[in-house]
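For reference, the structure is listed below as structure tokens.
Numbered from 1 within each chain, the chains take letters A, B, ... in sequence-line order.
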2 protein chains.
Amino acid sequence: MAPSIPTNAKAAGPDASRSTSASRLLTLVHHNRQLSRASLTRLTGLNRSTISVLISHLTAQQLVVESAPVGGSQVGRPSPQVSPHPGLVALAVNPEIDAVTIGLVGLGGRVIKKIRYSTGRIPTAAEAVNIAAAVIDGMRGELEANYRVVGAGIAVPGLVTSADGTVRYAPHLGWDSEPLADMFAGLTGYPAFVANDASLAAEAEMVFGAGTGIKNLVYLNGGASGIGGGIISEGRLLAGASGYAGELGHTFVRSDGLPCHCGSRGCLETEVRQAPLVELLKLATDDPSAIGPALCASTDPAVAAEVARQIGFLAIALRNVVNIFNPGAIVLDGFLAALHAAAPDALESAVRAQSMREPASQVLISPASLGTDLMMVGAAELAFAGFLADPVGYFGEQPAIS
Amino acid sequence: MAPSIPTNAKAAGPDASRSTSASRLLTLVHHNRQLSRASLTRLTGLNRSTISVLISHLTAQQLVVESAPVGGSQVGRPSPQVSPHPGLVALAVNPEIDAVTIGLVGLGGRVIKKIRYSTGRIPTAAEAVNIAAAVIDGMRGELEANYRVVGAGIAVPGLVTSADGTVRYAPHLGWDSEPLADMFAGLTGYPAFVANDASLAAEAEMVFGAGTGIKNLVYLNGGASGIGGGIISEGRLLAGASGYAGELGHTFVRSDGLPCHCGSRGCLETEVRQAPLVELLKLATDDPSAIGPALCASTDPAVAAEVARQIGFLAIALRNVVNIFNPGAIVLDGFLAALHAAAPDALESAVRAQSMREPASQVLISPASLGTDLMMVGAAELAFAGFLADPVGYFGEQPAIS
DNA sequence: TTGTTATGTTGTTTTGAGCAGCAAATAGCA
DNA sequence: TGCTATTTGCTGCTCAAAACAACATAACAA
């Protein structure tokens, strides 16, 4: 017992601070995809020599690669460019109500491969994991030959206990207390991490998408099965006491509203829904990306009325968001982005009219920008998180691939 | 230019990490008021010898004092107790609509002195600062003889830009763009920091009050002038893009509700108010602490109806809070605590019935526990924050008092 | 009294990271 | 084509935070 405490202390001590520098450096490279040594020096505030030492370590461990300096524009000695090692990847898994999508994402948010497996019906947790494992087994040869996999991130539409990777409750999938991370890790051998899909999307949008550089951001996604949200404050995702934070779909927007499946009444997601829009527009597909153009093209007054009605309720929810969080940006995705596109001024002026003046003047309302890659990038980000926190120790002392 | 970058880097480098340890140590002592060296070793994870060196530094700088080990309960060599130095204090200032309260608070959240100066009417910013400066001038002899003052924290009921210490907009005081920190610092010579009162109260409750140890906490205070809130996530106060976050008083709770002074309708603070309760109870005072007992004692059905009505709307706001934040605790203060005391089961069951099951099962709804010292402790905490972040460098190389 | 356990203390060692000086690579200018 | 200014990378040196190890000390328990 006595010797174990110093050992623990050591692990939390100089190791932690060493890895903090490597971690900061790698995170910067990850977020910017390509950076010169010189800009790393400026961004980290570390000394040139320190950067040099760190990068030589990271290069030796095949975590980054250096390429020839991009010549031209500046006086002085050109600085080599540092990029994430192209072989460093994470797996991304996203079960939905009619499909399971599996992706391979490189450090830097580069989606290398994306495979959508249609299930035709709602998959059980076991089915979703089996499908993902099968697809990954199919790629295994390629993975083991050309890549180093840091792990897998699974984005689930539901309440998730991230600490143990358990899906507590996913109403639209009908899942309840599924130890998804353990199931996946058991089948594939890769460490797995699970989180709420909207939370991951929020992070992806902050890092690579519409909210790049904005540290206080609220993301809202409208899909066929409801409205999910993710909140980012000071660059960190709001998790709450047990990781269930961000359920903006159940914000109160209407007295004596319709009952919601959550047991309450007047929730945002019972008033603002995709189905009536699809119906009025007579669209054949549920694909949210089709709704935007159709809405803009429509001249049907019934459609306009429904849009106005939904925008009214959405504005109430966003007003709460603005007053409570004072976000720098609100990013709308799915059919909420379509609603915004159909009448951007109507939505924005309604939100501003209801919110307090100061926070309202700061907020930018914009559609999501990562499109269909969003979930893959977000889920991969989850898998990368643990790696980025301690890049030097992550793979042990393995000499790596190739 | 060339030498200045390394200098900056140095300031952010080893100095920062050195002070990080001292900072962590002092923060722990501050939050726990009294800790043994042994427990500091365990809590920080640092080595015994490191703790020894750090504490001898802090003792030399008169930031902490060591006292004889408290004997008895445990096998082994007893460990000396470390406490904050009793001479280390912060000033706390809290302007309200009818008074300005000035306090002297020691490290560890100990309120040494509290002076409430009644103004009889709403003070202007200049008046509030003048009153505070006059009171502090009165204490100056004592302050300079016996204390070291880290600075002053000012808790203001309104929107505050903490970065420059400016009150952007305080509707109940009628203040608008007042550079309060500069005014105060100019008059008294002490560095001053300004923040929203409810936010500071939330922090005080987390550190020393009802939410001790709970890292995800929502604080709601009901006063004569409205409802303010503060949100703490992972132990950090939610600030938002410009520090205006936390305005939970303007959560939407009622369709076609009454117009609010914020320009919107159906806000929590237009439906849930102290005035009707005071009126129905025929109380002579506005003091929120009188409302609780009076409510519990009342048998008037009109009072009961009003309580039920307000609890209904409060439950809607809290339901949003639970769904969005998944807090570990909701702390109610002012007349909201009185409402809760009048019918705790009614409020809690209403919140739980409307919220999603998982986050609802985790949340504890409790009244605030710091009472009238709350604002003093919160404001002092603000002043201590800068000091705790870099305790060794804060006072320069001064040999300190006594 | 003696052994056990928990602590404090001192000197040594490891290691992250800044610093200085020199070399290298470019743009601009004559 | 050279010359200078500027920016950057590399190597060796140095500093300081903090772990480690060994020893001293103080309580409780048998």
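Atom CG of B:N47 is separated from atom C1' of C:dT14 by 13 Å (rounded to the nearest Å). A:H57 has its NE2 atom 8 Å from the P atom of C:dG16, to the nearest Å. D:dG9 atom P lies 8 Å from atom CD of A:E66, rounded to whole Å. One can place CD1 of A:I55 at 11 Å from C1' of D:dG9, the figure rounded to the nearest angstrom. Protein atom CG of A:L54 is 6 Å distant from nucleotide atom P of C:dA17, rounded to whole Å. Going from atom CD of A:Q81 over to atom P of D:dG9 covers 10 Å, rounded to whole Å. Going from atom CG of B:L43 over to atom P of C:dT7 covers 12 Å, rounded to whole Å.
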Between the protein and nucleotides 6-8 of chain D, list every N/O to N/O distance that falls short of 3.5 Å.
| residue | atom | partner | partner atom | Å |
| --- | --- | --- | --- | --- |
| D:dT7 | O2 | A:R77 | N | 2.7 |
| D:dT8 | O3' | A:S79 | OG | 3.2 |
| D:dT8 | O2 | A:R77 | NH1 | 3.2 |

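With sequence neighbours left out, the side-chain contact (heavy atoms from CB on, under 4.5 Å) criterion links B:V207 to B:H31, B:E381. B:L364 meets the side-chain contact (heavy atoms from CB on, under 4.5 Å) test with B:A329; sequence neighbours excluded.
Considering only the side chain of B:L46, D:dA18 comes nearest among D:dC20, D:dA18, C:dC19.
Aromatic ring centres of B:F387 and B:H30: separated by at least 6.0 Å.
For A:T50 and C:dG18, the shortest distance from a side-chain N or O to OP1 or OP2 is below 4.0 Å. Under 4.0 angstrom from either OP1 or OP2 of C:dA17 there lies at least one side-chain N or O belonging to A:S21. Residue A:S52 places none of its side-chain N or O atoms closer than 4.0 Å to OP1 or OP2 of D:dG9.
Side-chain polar atoms of B:S83 and B:Q34 form a donor-acceptor pair below 3.5 angstrom. Side-chain contact annotation: A:S39 with A:S36, donor-acceptor N/O pair under 3.5 Å present.
For A:R236 and A:E203, the salt-bridge test fails: no basic side-chain N is under 4.0 Å from an acidic carboxylate O.
When side chains are defined from C-beta on, A:I112 counts as touching A:R110, because their heavy atoms get closer than 4.5 Å.
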